[in-house]
Amino acid sequence: MKIAGLDIGSTGCKLTIFDSDGSCLGKAYRDYPVKRTKTAHEVEAQDIIDSVFEVMEEMGRRHPDIAGIGVTSFGETFVLTDKAGCPLHTAMLYTDPRGADECRALEEELGSAEIAAVTGLKPHGMYSLPKIMWIKGHWPEVYRRAEHILLMEDFVVFLLTGTAQIDYSLATRTMAFDINTITWNRKILSVAGVDERLLSRPVPSGTAAGTLLPEAAKRTGFSTRLQVVSVSQDQVAGAVGAGVFDSGKALECAGTVECLTPVYDGMPPLGGNAPGQLRGRPVCGAREVRDLLLFLYRGRADTVVRGHPGKG
């Protein structure tokens, strides 16, 4: 059996093919331009999906028989789309300065301690929600036309399968996801003025979204039986690939940004003055993190993450 991992980064995407022993059979990479000015840091979501199809087409010619593709992506960046998933605007990167005023407004209304206790995040304009508020306030016609709000993982998954779902770890990067109830937080969304129905359905990491749409299969050369899986935010996937399954280990990863990803054995202190941020739900017992992702070789193509220490 062959499986693949599709990683959507902030400046490029990569598709890597593995055999059932975890050996790499090949990979393809495409980069896309990022625009940075004093007032805007942006990437075209259309460039991202075009690059995704290019790497899939390249690997489809060499390995048309893969059984599943797991999708990971960088966090925070989102795009409002029409019903078919066509982008309605240029996407903001997390470093984009827009959203700072909107974040302060949320803090004034809700309090930073409450936001942190619910979301696991210290409030900041880098997250998706304040930037969605900025779009609604400054580009109201774009917001009115929107049928979906998609982060990059669920954007790609939606265009490949027609299913709008987002895994828990990526949902936490919006500052609208409740890590205690594992749902979108209606109070935060209500204060922000954002319609929950536009957001993708939150699912556990490693949840299959379905098979390739016929048009996607025809374009890439892959089978319509190929399973597409929502894996996780990229740093979480990296931690699993590095074998970080208990609190005695952490992943230090340097890419476009440098991140330290630990595993907690229990709920760390949360509140307005608590340092750091949490990706996904804090769990008691790190085995839950591992078990959440390692399903593929138990008979169903639900994830492409193997969890072999030292094999990314």
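We use all heavy atoms of the structure for the numbers below, so side chains are in, but hydrogens, waters and symmetry mates are not. Predicted model, so just to flag it, every value in this text is computed and none were measured.
At least one donor-acceptor pair under 3.5 Å links the side chain of Gln165 to the backbone N or O of Thr207. Side-chain atoms of His138 come within 3.5 Å of backbone N or O of Trp134 as a donor-acceptor pair. In this structure, Lys122 contributes its side chain and Ala116 its backbone to no donor-acceptor pair below 3.5 Å. Under the 3.5 Å distance criterion, the side-chain polar atoms of Glu153 are matched with a main-chain donor or acceptor of Asp167. Side chain of Thr161 to backbone of Val157: a donor-acceptor contact under 3.5 angstrom is found. Of the possible donor and acceptor atoms, one in the side chain of Thr163 sits under 3.5 Å from a partner among the backbone N and O of Ala209. A donor-acceptor pair is defined here as one N or O able to donate and one able to accept, closer than 3.5 Å; no such pair exists between the side chain of Thr211 and the backbone of Gln227. Checking side-chain atoms of Ser169 against main-chain N and O of Gln233 turns up a donor-acceptor pair under 3.5 Å. Here the side chain of Asp96 pairs a donor or acceptor atom with the backbone of Arg98 at under 3.5 angstrom. Judged by distance alone, with hydrogens and angles left aside, the side-chain atoms of Asp154 form a donor-acceptor pair with the main-chain N or O of Leu151 at under 3.5 Å.
For Asp178, there are no salt bridge (Lys or Arg N to Asp or Glu O under 4.0 Å) partners at least two apart in sequence or on another chain. With sequence neighbours left out, Arg201 forms a salt bridge (Lys or Arg N to Asp or Glu O under 4.0 Å) with no residue at all. Phe177 is linked by a ring pair (Phe, Tyr, Trp, His ring centres under 6.0 Å) to Tyr168, Trp184, counting only residues two or more places apart in sequence or in another chain. The salt bridge (Lys or Arg N to Asp or Glu O under 4.0 Å) test applied to Asp65 returns Lys2, not counting sequence neighbours. Partners of Asp82 according to the side chain to side chain contact (heavy atoms under 4.5 Å, CB included) rule, which considers only residues two or more places apart in sequence or in another chain, are Ala84, Cys86, Leu88. Residues satisfying the salt bridge (Lys or Arg N to Asp or Glu O under 4.0 Å) test with Lys14, not counting sequence neighbours, are none. Residues passing the ring pair (Phe, Tyr, Trp, His ring centres under 6.0 Å) test with Phe158 are His148, sequence neighbours excluded. Every residue meeting the side chain to side chain donor-acceptor pair (under 3.5 Å) condition with Glu44, not counting sequence neighbours, appears here in chain and number order: Lys35, Thr90.
Side chains of Ile69 and Leu226 form a contact here, defined as non-hydrogen atoms less than 4.5 Å apart. When side chains are defined from C-beta on, Ser10 does not count as touching Val43, because their heavy atoms never get closer than 4.5 Å. Residues Phe74 and Leu93 have side chains in contact (heavy-atom distance under 4.5 Å, counting atoms from C-beta outward). The side-chain heavy atoms of Val244 and Thr261, taken from C-beta on, include no pair separated by under 4.5 Å. In this structure, Ser200 and Leu150 have side chains that are in contact, with non-hydrogen atoms separated by less than 4.5 Å. With contacts defined as side-chain heavy-atom distances shorter than 4.5 Å, the pair Leu121/Arg173 qualifies. Put simply, the side chain of Leu80 reaches to within 4.5 Å of the side chain of Ile149, judged on heavy atoms.
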From CA spacing to verdict: side chain to side chain contact (heavy atoms under 4.5 Å, CB included), Leu199, Thr174: CA-CA 10 Å; Leu199 298 168; Thr174 62; 5.8 Å; no
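To the nearest 0.5 Å, atoms CD (Glu252) and CD (Gln235) are separated by 9.5 Å. Atom SG in Cys103 sits 8.5 Å away from atom CE in Met133 (nearest 0.5 Å). Taking OH of Tyr143 as the start and CD1 of Ile135 as the end, the distance is 10.5 Å to the nearest 0.5 Å. The OG1 atom of Thr95 sits 9.0 Å away from the CE atom of Met126 when rounded to the nearest 0.5 Å. Atom CD1 of Ile48 is separated from atom CZ of Arg30 by 15.0 Å, given to the nearest 0.5 angstrom. One finds the CG atom of Leu110 at 9.5 Å from the OG atom of Ser190 (value rounded to the nearest 0.5 Å).
Ile8 and Tyr29 fall into different hydrophobic clusters, defined by Ile, Leu, Val, Met, Phe, Trp and Tyr side-chain heavy atoms under 4.5 Å apart, directly or through other members. By the rule that hydrophobic residues join a cluster once side-chain heavy atoms approach within less than 4.5 Å of another member, Val55 and Leu25 end up as members of one cluster. Cluster annotation: Phe53 is connected to Val228 through the hydrophobic network of ILVMFWY side chains, with a link wherever side-chain heavy atoms come within less than 4.5 Å. Under a hydrophobic clustering in which Ile, Leu, Val, Met, Phe, Trp and Tyr are joined whenever their side-chain heavy atoms come within less than 4.5 Å, directly or via other members, Val191 and Met175 fall into the same cluster. A continuous path of hydrophobic side-chain contacts links Leu198 to Val194 [ILVMFWY only; heavy atoms under 4.5 Å].
Ring pair Tyr127/His124 is perpendicular by interplanar angle, where above 60° counts as perpendicular and below 30° as parallel.
Listed by first and then second residue, the ring-ring contact (aromatic ring centres under 6.0 Å, His included) pairs that reach into residues 199-226 come to none, sequence neighbours excluded. Residue pairs satisfying the salt bridge (charged side-chain N to carboxylate O under 4.0 Å, His left out) criterion with at least one member in residues 208-226, sequence neighbours excluded, are listed as follows: Glu57-Arg219. Within the structure, the salt bridge (charged side-chain N to carboxylate O under 4.0 Å, His left out) test picks out the following pairs touching residues 190-199 (sequence neighbours left out): Arg186-Glu196, Asp195-Arg197. Applying the salt bridge (charged side-chain N to carboxylate O under 4.0 Å, His left out) rule to pairs touching residues 136-149 yields Glu141-Arg144, sequence neighbours excluded.
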